[in-house]
Amino acid sequence: MAGNCATSNSQYDRLKELKEFDESKMGVKGLSDSGITSIPRFFIHPPETLPCKNLNSSTNATSSIPLLDLANLYSPTHRPKIIQQIKEAASTWGFFQVINHGIPASILDETIGSITAFHEQPHEIKADHYRRQEHHGVMYTSNNDLYRSKAATWHDSLQVFTAPEEMKVEEDIPEICRKEVITWDFHASKVAEALFELLAEGLGLEAGKFKELGFMKARLFLGHCYPYCPQPDLTVGIKSHTDAGLTVLLQNQVGGLQVKHGNEWVDVKPLPGALTVNIGDFIQII
């Protein structure tokens, strides 16, 4: 699976390589652990699409996304200030970080630890959960769009559709992270609901309007893994993209996340105890 960058186009069967990788169920973590020194060809991106080689893309290392303090969220004195801050952050950035959000630090650490533990398992164990069944249930895979994209990206994911509630998936979540995923979903949902209320009030609506419209009915948990890559200058961990709905993101303390602000990419520096929020396409349209 190491691939050969010098292989001519006439000899290269991309679909065959994709199927071999997919059917191995080892993911990029398995490739990385195997000790490869070059990445398979289908992971290689055109130079013009890579951030480090795109002359039309620039990174601003001095700017940072807004930071909101949710302490005293329900105080008559502080809440109007927080509403104004989230309104400005949503309209000018679409991203912000929040502190004092109510999720205990122990829950944050346990969530990251459990997802790390899942991805660190031998690929033979994770293979039991490897499948391609988008939009429902529990799925461990590498690249949802593996067969649709022009180039694959260097990450694996554990996906759990935790809502609608009638779709009970708890028993299908890998045991090594089951309790932590369920606990995170409970706490993160509370944060998301509070943020939806603030955003609604910032728009002059009733606090529960977005929940009434069904914005809380579907929830997806994603636990990504970006393992060591022997040729990081030829690929990316994940392509630039937008999220449809509101995303509550828990980073580990390894940098790499960027958001686009105007024509520049801005680094989102990991902040201990903070959550990063992307309001998503639907809210931005509103």
Side-chain angles (χ1 to χ4, degrees), residues 68 70 73 86 95-121 126 128-131 133-141 144 155-200 207-208 210-226 238 241-253 257 270-283:
L68 278 62
L70 300 186
L73 179 61
I86 197 172
F95 284 84
F96 49 88
Q97 289 178 307
V98 293
I99 57 174
N100 293 316
H101 40 67
I103 304 181
S106 59
I107 299 298
L108 304 182
D109 293 340
E110 289 165 9
T111 302
I112 290 177
S114 70
I115 296 304
T116 300
F118 170 80
H119 285 292
E120 288 293 338
Q121 295 178 112
K126 293 182 290 186
D128 289 340
H129 303 281
Y130 193 98
R131 56 184 59 88
Q133 54 171 37
E134 297 181 70
H135 312 307
H136 67 93
V138 178
M139 177 176 75
Y140 160 63
T141 193
N144 276 2
H155 76 279
D156 298 330
S157 304
L158 174 66
Q159 297 185 177
V160 181
F161 280 85
T162 56
E165 290 183 356
E166 61 267 22
M167 297 170 59
K168 297 297 183 182
V169 297
E170 286 91 341
E171 62 185 27
D172 296 326
I173 301 172
E175 185 177 358
I176 196 170
C177 59
R178 183 180 300 151
K179 177 177 72 72
E180 291 81 4
V181 168
I182 294 171
T183 300
W184 165 261
D185 179 61
F186 172 80
H187 286 283
S189 296
K190 297 296 184 184
V191 173
E193 185 172 354
L195 294 173
F196 274 130
E197 290 178 353
L198 292 169
L199 288 164
F210 286 125
K211 186 175 183 179
E212 177 188 325
L213 292 172
F215 278 61
M216 293 288 295
K217 284 186 177 179
R219 297 194 308 277
L220 168 64
F221 173 94
L222 279 171
H224 293 310
C225 173
Y226 305 94
I238 197 166
H241 64 280
T242 62
D243 292 339
L246 185 141
T247 298
V248 178
L249 173 66
L250 172 60
Q251 293 175 269
N252 60 13
Q253 295 308 302
L257 176 65
L271 182 64
L275 301 174
T276 300
V277 178
N278 174 2
I279 67 168
D281 296 337
F282 290 147
I283 298 292

Is it the case that more than 12 heavy atoms not belonging to Q253 sit under 6.0 Å from its CD atom? yes
Within the structure provided, determine whether L195 and V277 are in side-chain contact (heavy-atom separation under 4.5 Å). yes
Lys/Arg N to Asp/Glu carboxylate O, E193 vs K211, below 4.0 Å: yes
Heavy-atom closest pair (F118 atom, K126 atom, distance to 0.1 Å) is O-CD, 3.2 Å
Can you name the nearest heavy-atom pair linking V248 to L246, along with the distance? CG2-CD2, 3.7 Å
Got a second to check how far L108's CG is from H101's NE2, nearest 0.5 Å? 5.0 Å
Please report the shortest heavy-atom distance between I238 and H241, naming the atom on each side. CD1-CE1, 4.1 Å
In terms of the angle between their ring planes, are F215 and F210 parallel, tilted or perpendicular, with boundaries placed at 30° and 60°? tilted
Once rounded to the nearest 0.5 Å, what's the spacing between atom CG of L158 and atom OH of Y140? 9.5 Å
Side chain to side chain, L257 and L249, heavy atoms closer than 4.5 Å: yes
Just by modelled atom types, is the I176 backbone N or O under 3.5 Å from a matching donor or acceptor in the R178 side chain? no
Looking only at heavy atoms, what is the nearest atom pair of L70 and N100, with distance? CB-O, 3.4 Å
Do Q251 and T276 have side-chain N/O donor and acceptor atoms under 3.5 Å apart? yes
Taking the side chain as every heavy atom from C-beta outward, state whether I86 and V98 have any pair of such atoms under 4.5 Å apart. no
I need the minimum non-hydrogen distance between G223 and H119, along with the two atoms involved. O-NE2, 2.9 Å
Less than 4.5 Å apart, side chain to side chain, heavy atoms only: is that true for F196 and I283? yes
Among N278, D281, T247, which residue meets the side chain to side chain donor-acceptor pair (under 3.5 Å) test with T242? D281
Measure the CH2-NZ distance between W184 and K179 for me, rounded to the nearest 0.5 Å. 14.5 Å
Counting only N and O atoms by type, is there a donor-acceptor contact under 3.5 Å from the side chain of R219 to the main-chain atoms of S189? no
Value for OG1 (T111) from CD (E180), rounded to nearest 0.5 Å, stands at 7.0 Å
If you measure from CD1 on I99 to CG on L275, what distance do you get to the nearest 0.5 Å? 10.5 Å
Hey, what's the ring geometry for H224 with H155, parallel, tilted or perpendicular (30° and 60° as the breaks)? perpendicular
I need the Q133 CD to N144 CG distance, nearest 0.5 Å. 11.0 Å
Determine whether F221 and I173 make a side-chain contact, defined as any pair of heavy atoms from C-beta on separated by less than 4.5 Å. no
Tightest non-hydrogen contact, residues L222 and S157, listed as CD2-CB, 4.4 Å
Using side-chain heavy atoms (C-beta onward) and a distance below 4.5 Å, is V160 in contact with L220? no
